[in-house]
Amino acid sequence: QVQLVESGGGLVQAGGSLRLSCAASGRSFTNYGMGWFRQVPGKEREFVAAITWSLASTNYADSVKGRFTISRDNAKNTVYLQMNSLKPEDTAVYYCARDKSPDSWYARVRTYDYDVWGQGTQVTVSS
């Protein structure tokens with residue numbers, strides 16, 4: 001069973017950048033799409049970005065398009081989220097997740113499409 005560990009969160013000024021990493025253990029990382037989600041206390045967990053395995057096709061939430069970039073290094077079993085031009089509304093706990101269907105042709109955007117989750121990493125953007 002794959003396990004995911006996020007890192008790279010922290011406190012940044014508005015307009016700054018952070019790069020989140022999600023390291024996967026176990027061979028189940030191979031052939032699976034990966035996604036990033038975020039959650040604020042009292043709010044529903046929301047989709048941020050996703051990437052497929054084979055073609056690295058991506059999808060982004062409208063709120064982060066043009067600012068965030070998801071990528072993966074399959075040799076390192078790691079997925080990244082480069083976050084630029086951060087805004088206070090980006091403040092949340094960011095979670096890495098694995099798509100529950102291997103070899104999916106679509107970078108899926110629904111929480112229920114993912115079945116393995118990391119513990120999360122806090123991102124705080126100050127005004």
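- Applying the side-chain hydrogen bond (donor to acceptor under 3.5 Å, both in side chains) rule to Gln119 yields no partners; only residues at least two apart in sequence or on another chain are considered.
- Other residues, nucleotides and ligands contribute at most 12 non-hydrogen atoms within 6.0 Å of the CD atom of Glu44.
- Other residues sharing the hydrophobic cluster of Tyr106, ordered by chain and number and joined by side-chain separations under 4.5 Å: Trp105.
- When side chains are defined from C-beta on, Ser101 counts as touching Arg108, because their heavy atoms get closer than 4.5 Å.
- For Asn31 (side chain) and Pro102 (main-chain N/O), no donor-acceptor pair under 3.5 Å exists by modelled atom type.
- Every side-chain contact (heavy atoms from CB on, under 4.5 Å) that Asp62 has, sequence neighbours left out, goes to Lys65.
- Shown here are the salt bridge (charged side-chain N to carboxylate O under 4.0 Å, His left out) partners of Lys76, two or more places apart in sequence or in another chain: Asp73.
- Applying the 6.0 Å contact sphere to CD of Gln39 captures more than 12 heavy atoms from other residues, nucleotides or ligands.
- With sequence neighbours excluded, no residue forms a side-chain hydrogen bond (donor to acceptor under 3.5 Å, both in side chains) with Ser85.
- Sequence neighbours left out, the pairs with a member in residues 108-127 that pass ring-ring contact (aromatic ring centres under 6.0 Å, His included) are Phe37-Tyr114, Phe37-Trp117.
- Side-chain contacts under 4.5 Å among hydrophobic residues (ILVMFWY), followed directly or transitively, place Leu81 together with Val2, Leu4, Val12, Leu18, Leu20, Phe29, Met34, Trp36, Val48, Ile51, Trp53, Tyr60, Val64, Phe68, Ile70, Val79, Met83, Leu86, Tyr94, Val116, Val123, Val125.
- Screening residues 15-24 for side-chain hydrogen bond (donor to acceptor under 3.5 Å, both in side chains), with sequence neighbours left out, gives Ser17-Asn84.
- For the disulfide bond (SG atoms under 2.5 Å apart) condition, the pairs that include at least one residue of residues 21-115, sequence neighbours left out, are Cys22-Cys96.
- In this structure, the side-chain contact (heavy atoms from CB on, under 4.5 Å) partners of Glu46, at least two apart in sequence or on a different chain, are Arg38.
- Residues passing the side-chain hydrogen bond (donor to acceptor under 3.5 Å, both in side chains) test with Thr124 are Gln122, sequence neighbours excluded.
- Scanning for side-chain contact (heavy atoms from CB on, under 4.5 Å) contacts around Ser126 gives Leu11, Gln13, with sequence neighbours left out.
- A salt bridge between Asp113 and Lys100 is absent, with no side-chain N of the basic residue lying under 4.0 Å from a carboxylate O of the acidic one.
- The structure places OG1 of Thr30 at 10.0 Å from CG of Asp103, a figure rounded to the nearest 0.5 Å.
- In this structure, CG in Asp115 is found 7.0 Å from OH in Tyr32, a value given to the nearest 0.5 Å.
- The two residues Val40 and Ala92 have their closest heavy-atom pair at CG2-CB, 3.9 Å.
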